[in-house]
4 protein chains.
Amino acid sequence: MPKVSQQYLDGRRSEILDAAIACFSRDGLHRTTMKDIVRESQLSPGAIYNYFKSKEEIIEAIAERRQEKEGELIFEAIQRGPAASALTRVRDAFLDELGNPKERLRRRVSVQLWAEAQRSTGVRKIVRRSFEEPRKLLTEALLDAQKSGAIARWADVDAIACFVIAAFHGLVLQQEWDSDFSPEPHKLLLDLLLKAVAGKHQPAMAE
Amino acid sequence: MPKVSQQYLDGRRSEILDAAIACFSRDGLHRTTMKDIVRESQLSPGAIYNYFKSKEEIIEAIAERRQEKEGELIFEAIQRGPAASALTRVRDAFLDELGNPKERLRRRVSVQLWAEAQRSTGVRKIVRRSFEEPRKLLTEALLDAQKSGAIARWADVDAIACFVIAAFHGLVLQQEWDSDFSPEPHKLLLDLLLKAVAGKHQPAMAE
Amino acid sequence: MPKVSQQYLDGRRSEILDAAIACFSRDGLHRTTMKDIVRESQLSPGAIYNYFKSKEEIIEAIAERRQEKEGELIFEAIQRGPAASALTRVRDAFLDELGNPKERLRRRVSVQLWAEAQRSTGVRKIVRRSFEEPRKLLTEALLDAQKSGAIARWADVDAIACFVIAAFHGLVLQQEWDSDFSPEPHKLLLDLLLKAVAGKHQPAMAE
Amino acid sequence: MPKVSQQYLDGRRSEILDAAIACFSRDGLHRTTMKDIVRESQLSPGAIYNYFKSKEEIIEAIAERRQEKEGELIFEAIQRGPAASALTRVRDAFLDELGNPKERLRRRVSVQLWAEAQRSTGVRKIVRRSFEEPRKLLTEALLDAQKSGAIARWADVDAIACFVIAAFHGLVLQQEWDSDFSPEPHKLLLDLLLKAVAGKHQPAMAE
DNA sequence: AATGAATGAGATTTCATTCAT
DNA sequence: CATGAATGAAATCTCATTCAT
């Protein structure tokens with residue numbers, strides 16, 4: 001008969017997810033056992049099952065968290081300035097993210113989730129959303145930019161949004177494979193692309 | 001069935017790998033049990049273990065196969081014409097691949113392998129190679145193109161190679177998430193990028 | 001059933017070992033399956049693996065137990081009286097043991113362990129110790145007896161210790177092979193041997 | 001369709017048994033797989049199953065061989081001289097055997113067979129015979145010696161036979177456990193025993 | 001709410017044996 | 001008689017989850 005604050009409860013939940021992320025990032029979704037998470041979280045199996053009703057639910061909660069995080073990343077980048085230069089800010093947000101070693105652990109889990117999405121309906125829904133939502137936000141911003149003339153009228157703004165996201169995801173993978181990986185050179189390439197789709201009257205990117 | 005030809009043996013091995021790919025693509029690496037592969041291959045557990053000494057080895061053999069396949073894809077695309085337009089041909093090869101539904105199954109397994117590479121040293125080595133080798137081939141081709149003036153002298157050809165591959169990988173993921181996915185629009189975007197890095201005197205892409 | 005006493009835990013461990021001994025004695029180390037031990041112990045596979053991390057570890061734990069038991073047998077026999085008659089008491093302890101039907105089960109397992117020692121390093125170490133320790137204890141006691149003149153000065157006390165133990169082990173085997181086996185006649189023979197190595201002034205055996 | 005000499009057949013059979021002994025001695029009866037024996041014998045599984053219808057049969061054939069060998073050892077020792085000194089010759093035969101490194105391999109298998117006898121009726125029968133037969137031969141020889149006065153009339157000759165065999169078996173075990181093992185000191189002890197049961201008029205052992 | 005021992009279905013792998021060639 | 005690929009029952013061990021305390 002507990003009677004504990006909601007804050008306490010949320011804290012516990014979060015601790016479990018952090019522990020799970022540490023494990024998943026280290027050993028993968030499937031090689032991580034509940035026992036591993038128990039050890040990492042310093043809790044007991046029973047305690048964890050009070051907060052999540054299955055391992056699957058933990059995975060989904062982590063996916064959800066990622067999804068929210070990425071959504072915010074894009075959203076904030078877009079909101080932070082004029083629509084005309086939104087793409088540039090998104091580009092920076094992405095590349096900064098790649099350069100942020102603290103997020104590396106979570107990106108490793110993202111790769112796991114991409115794989116898991118192929119067989120878990122629950123995870124697939126969330127992973128899809130974490131692609132579709134940024135895509136929509138970005139597309140809308142680009143549409144604004146296009147209306148304002150910052151992006152060429154012939155450009156397929158949805159394709160641009162998808163392509164930029166695709167490049168980001170591909171670079172996330174490469175960072176895992178190449179120990180010398182640096183996001184810098186790709187900034188320039190993305191710039192070239194942005195310039196290539198820039199409208200006549202206003203630059204796609206404002207410096 | 002004693003003393004069978006090497007050809008027969010190779011055939012069996014290949015059958016097992018095909019069965020495994022079917023299973024892995026459907027259920028993921030870890031939800032697929034050896035029993036599933038047994039059923040799919042119409043063989044017995046013992047028979048499979050005559051060809052591979054563990055499930056891990058099957059996974060690695062599949063990764064190896066993918067790696068060779070992707071290496072050839074790039075290699076052939078590069079060889080098929082002048083260095084100056086190699087990048088265009090590689091772009092086409094990638095996008096054609098995305099459009100090829102028969103390869104879809106295998107690409108699904110690739111996503112699984114990216115995740116698996118995070119915890120299996122064996123798989124990681126192979127997955128890395130299947131990035132590094134195309135990267136090297138492409139970089140060398142681009143270097144030739146650069147020497148011939150088809151690519152601007154200021155361009156970082158290795159970064160271009162990596163970026164194009166990253167975009168390809170990212171699009172492989174999106175194809176899984178978006179049922180309306182079409183590679184077409186991305187062809188144009190890649191063209192824009194190629195033009196942006198083209199040299200003064202010779203076009204980076206030949207039409 | 002959380003937070004149980006150490007006593008409870010030790011009890012469970014012991015129960016599992018008892019069940020295993022029953023199985024091993026009946027079917028041998030290798031014909032006994034974990035399933036057999038599960039059935040005999042009325043536990044579940046998982047429960048057993050909470051106490052022992054492999055079948056090998058169960059075997060080793062049993063070997064260890066035997067070793068301790070045999071060490072005590074000798075130790076107590078030696079301690080129970082004057083050094084001069086220690087050998088006689090050890091002889092009695094051995095032959096009483098052979099006559100004790102309750103220990104028969106465990107002796108059967110000992111034979112299994114002798115065989116297992118040939119290929120398992122872990123078991124070999126323990127089996128060796130369960131020979132070397134009684135040997136040392138007995139040799140030391142005999143040395144005392146020799147100093148006191150109860151055993152002839154020319155006698156090789158270590159050889160006597162080894163020989164008596166060898167005879168004991170050989171008789172353990174014969175008890176398995178001969179349904180009419182009786183330890184009695186061997187008591188006399190051992191007596192003859194003891195008398196033969198007795199010193200001039202004091203008898204090796206006190207009656 | 002074959003038509004091969006019986007000699008050839010026997011040779012093959014023997015080769016298989018030699019290979020099996022090598023394996024059994026190295027890895028134990030149960031850790032040795034038929035594949036191991038196949039490899040060691042340079043034959044094929046099918047070939048081996050032409051000569052023996054199961055692994056069990058190979059084990060029994062080896063046990064049989066041992067049994068014959070040990071029977072001969074005793075038999076020859078007894079036949080080689082007068083009954084009065086038979087025991088001495090058997091003692092020598094045993095201790096020489098222990099000193100013979102070429103037989104070590106087979107003695108290791110004997111230990112395995114002792115364990116196996118506990119659960120295999122077939123092996124048990126043979127192992128029993130390989131104890132009972134020497135026992136009978138030796139007892140009969142001792143009875144002769146007793147009649148001739150070489151052994152005391154009060155002596156239990158069957159017990160003496162059993163005891164000597166027990167000591168031998170026990171020493172076989174110790175040789176496995178003690179790398180410094182030497183049979184020599186035990187010769188003296190056995191002599192003491194023999195003297196102790198010697199009759200008045202004729203020595204139990206002739207020098 | 002927390003604990004952690006227990007559960008038991010199910011995963012991977014082994015291996016004695018067979019039989020088509 | 002020989003071959004060796006195939007068989008498939010069975011062995012060991014794992015691990016998500018439960019529930020009595």
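Residue numbers start from 1 in every chain, and the chains themselves are labelled A, B, ... in the order their sequence lines are given, proteins ahead of strands. Both backbone and side-chain heavy atoms feed into the values below; hydrogens, waters and symmetry mates do not.
In terms of position on DNA chain E, the residue among C:Q42 and B:T33 whose nearest nucleotide sits closer to the 5' end is C:Q42. Nucleotides of DNA chain E nearest to B:S54 and A:I48 differ in position, and the one nearer the 5' end is that of A:I48. Ranked by how close their nearest DNA chain F nucleotide is to the 5' end, C:H30 and D:L43 are led by D:L43.
F:dA20 is paired with E:dT3 under the criterion used here, namely a Watson-Crick or G-U wobble arrangement in which both key atom distances are under 3.5 Å. Here E:dA9 sits opposite F:dT14 as a Watson-Crick or G-U wobble pair (both hydrogen-bonding atom distances under 3.5 Å).
We find that CZ of A:F52 is positioned 16 Å from P of F:dT18, with the value rounded to whole Å. Between D:F24 atom CZ and E:dA16 atom P there is a gap of 9 Å when expressed in whole angstrom units. Distance NZ (B:K35) to C1' (F:dA11): 14 Å, rounded to an integer number of Å. Taking atom CZ of residue C:R13 and atom P of nucleotide E:dA6, one finds them 13 Å apart after rounding to whole Å. In this structure, D:E15 places its CD atom 14 Å from P of F:dC1, rounding to the nearest Å. B:R39 has its CZ atom 12 Å from the P atom of E:dG10, to the nearest Å. The CD1 atom of A:I16 sits 15 Å away from the P atom of F:dA16 (whole-angstrom rounding).
Of the candidates E:dA11, E:dA5, F:dA5, F:dA5 carries the atom nearest the D:P45 side chain, counting heavy atoms from C-beta on. Out of F:dT17, F:dT12, E:dA2, the shortest distance to the side chain of A:M34 is found at F:dT17. Out of F:dA2, F:dA6, E:dT3, the shortest distance to the side chain of A:A47 is found at E:dT3. Nearest nucleotide to the C:S44 side chain, out of F:dT17, F:dT7, E:dG8: E:dG8.
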task = Could you check D:R124 against D:E116 for side-chain contact (heavy atoms from CB on, under 4.5 Å), going step by step and ending with a plain yes or no?
result = CA-CA 7 Å; D:R124 183 160 56 243; D:E116 188 65 7; over 6 Å; no

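OP1 or OP2 of E:dG4 has not a single side-chain nitrogen or oxygen of A:Y49 nearer than 4.0 Å. When the side-chain nitrogen and oxygen atoms of C:Y8 are compared with OP1 and OP2 of E:dG4, none of them lie within a distance under 4.0 Å. A sub-4.0 Å separation between OP1 or OP2 of F:dA2 and a side-chain N or O of D:N50 is present. When the side-chain nitrogen and oxygen atoms of D:R31 are compared with OP1 and OP2 of E:dC15, none of them lie within a distance under 4.0 Å. For the OP1/OP2 pair of E:dA1 and a distance below 4.0 Å, the side-chain nitrogens and oxygens of A:R12 include no atom meeting the criterion. For A:K55 and F:dA16, the shortest distance from a side-chain N or O to OP1 or OP2 is below 4.0 Å.
Between C:R106 atom CZ and C:D18 atom CG the span is 6.5 Å, to the nearest 0.5 Å. Considering CD1 of A:I21 and CD1 of A:I16, their distance stands at 12.5 Å, rounded to 0.5 Å. Taking CZ of A:R66 as the reference point, atom OG of A:S130 lies at 8.5 Å (rounded to 0.5 Å).
Looking at heavy-atom distances under 4.0 Å, C:Y51 makes contact with sugar-phosphate atoms alone, never a base. Here C:I37 lies out of heavy-atom contact (under 4.0 Å) with every strand. D:I58 comes within 4.0 angstrom of no nucleic acid atom, judged by non-hydrogen atoms across all strands.
Nearest heavy atom pair, residue D:A20 against residue D:I37, reads CB-CD1, 4.0 Å.
Counting heavy atoms from C-beta on, the side chains of C:M34 and C:I48 come closer than 4.5 Å.
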